[in-house]
Asker: 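Sharing a structure, written as structure tokens. Questions coming.
Chain A is the first sequence line, chain B the second, and so forth, proteins listed ahead of strands; every chain is numbered from 1. Owing to the predicted nature of the structure, the values given are computational and were not obtained by experimental measurement.
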Number of protein chains: 2
Amino acid sequence: MNKTNALSAFAALSQETRLDTLVLLVKAGSDGVAAGDLARHLGIRHNLMSQHLNVLSQAGLIHSERQGRSIIYRVSFSALRGLSTFLLSECCQGLPEIVGGLEDSTLSLKGAP
Amino acid sequence: MNKTNALSAFAALSQETRLDTLVLLVKAGSDGVAAGDLARHLGIRHNLMSQHLNVLSQAGLIHSERQGRSIIYRVSFSALRGLSTFLLSECCQGLPEIVGGLEDSTLSLKGAP
DNA sequence: TTATTATGTCAATGATTCGTGATATATTGA
DNA sequence: TCAATATATCACGAATCATTGACATAATAA
């Protein structure tokens, strides 16, 4: 994840519908979610959904795969990991004042059932 | 850091000059940097710099303080920490596939001289 | 094949954003 | 006080973005 990728990713996540979409896809995990289901969940039209999905795709944050007449979208774990690393290492420079102890606040989630 | 704050922060960081500005301010730490020095460093006009600084301020990512005729800008450690937590916990849901082992890649920086 | 379902693409429009030029405010020094 | 320095604000045009409506494509079912 270089600066250009990160800029695209930040831009993609700066829009509420797209941020909501990403969270839905993260929660769905490797199952993924069909484009239509995403649109229904978010209460937006299918063509607008399609365009937002395209932005997230271009940013490399999600991938898609056709399954029958549906198209299943899945989050890219590696891209999200890359973005997280970029934020912590490049932006925050790994400063303890910022990232120190961050592990704990995320570990609490990781341990939850 | 709630969703609205995070959206503003992502928007602020989706522009190259502003991302560069934030990194400069993180590197400067609690010393901060004067607005004019930032503009000179980044090779942009002072009024454009001022507007970008305003966007970062509105997003809560930086603060300013007048010092003589200069205005010193400093990064908000807590805001950056909040944004990092939001990304890891809310967006990535603390999934091990994404955030597992992230500590190590940032710790390596923290330890560097 | 025809109809239906699921999704994508294109063009248009209003809203927002980026960068510039001109002007205004605050601080310091002569 | 007057001039210089440092920064902010305002107004403008160009560019980009979000949303809509209309049309296109792909897969399945009748």
Asker: Give me the residues of residues 3-19 of chain A where at least one heavy atom lies under 4.0 Å from an atom of DNA chain D, by number, or none.
Answerer: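 Nucleic-acid contacts, sorted: A/Q15, A/R18.
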Asker: If Ile, Leu, Val, Met, Phe, Trp and Tyr residues are connected whenever their side-chain heavy atoms lie under 4.5 Å apart, and connections chain through other members, are A/L95 and B/V75 in the same group?
Answerer: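 Same cluster.
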Asker: Would you mind classifying the nucleic acid contact of A/A34 as base, sugar-phosphate or nothing, using non-hydrogen atoms under 4.0 angstrom?
Answerer: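 Sugar-phosphate only.
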Asker: Is it true that A/V23 and B/I98 fall in one hydrophobic cluster, defined by side-chain heavy atoms closer than 4.5 Å?
Answerer: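 As far as the 4.5 Å side-chain criterion goes, B/I98 and A/V23 are not connected within one cluster.
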Asker: Using a heavy-atom distance cut-off of less than 4.0 Å, which residues of residues 43-74 of chain B contact DNA chain D?
Answerer: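 The answer is B/H46, B/N47, B/S50, B/Q51, B/R69, B/S70, B/I71, B/Y73.
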Asker: Answer yes if A/L7 and A/L56 sit in the same cluster of Ile, Leu, Val, Met, Phe, Trp and Tyr residues linked by side chain heavy atoms under 4.5 Å apart, and no otherwise.
Answerer: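 Yes, because A/L7 and A/L56 connect within a single hydrophobic cluster, where side-chain heavy atoms sit under 4.5 Å apart.
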Asker: Check whether any side-chain heavy atom of A/D37 sits under 4.5 Å from a side-chain heavy atom of A/L24, and report yes or no.
Answerer: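 Not touching, per the 4.5 Å side-chain cut-off.
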Asker: Okay, side chain of B/R18, backbone of B/A12: is any donor-acceptor separation there less than 3.5 Å?
Answerer: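 Yes; at least one donor-acceptor contact below 3.5 Å.
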Asker: Between C/dG19 atom P and B/L42 atom CG, what is the distance in whole Å?
Answerer: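 Computing the B/L42:CG to C/dG19:P distance gives 12 Å.
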Asker: Treating B/E90 as the side-chain partner and B/L87 as the backbone partner, does any N or O pair qualify as donor plus acceptor under 3.5 Å?
Answerer: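 No, B/E90 side chain to B/L87 backbone: no donor-acceptor pair under 3.5 Å.
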Asker: Flag the pair B/R74 and B/D31 as a salt bridge only when some basic side-chain nitrogen lies within less than 4.0 angstrom of an acidic carboxylate oxygen.
Answerer: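 Salt bridge absent between B/R74 and B/D31.
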Asker: Looking at residues at least two apart in the chain, or sitting in another chain, which of them share a side chain to side chain contact (heavy atoms under 4.5 Å, CB included) with A/S78?
Answerer: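 Here the qualifying residues are A/S76.
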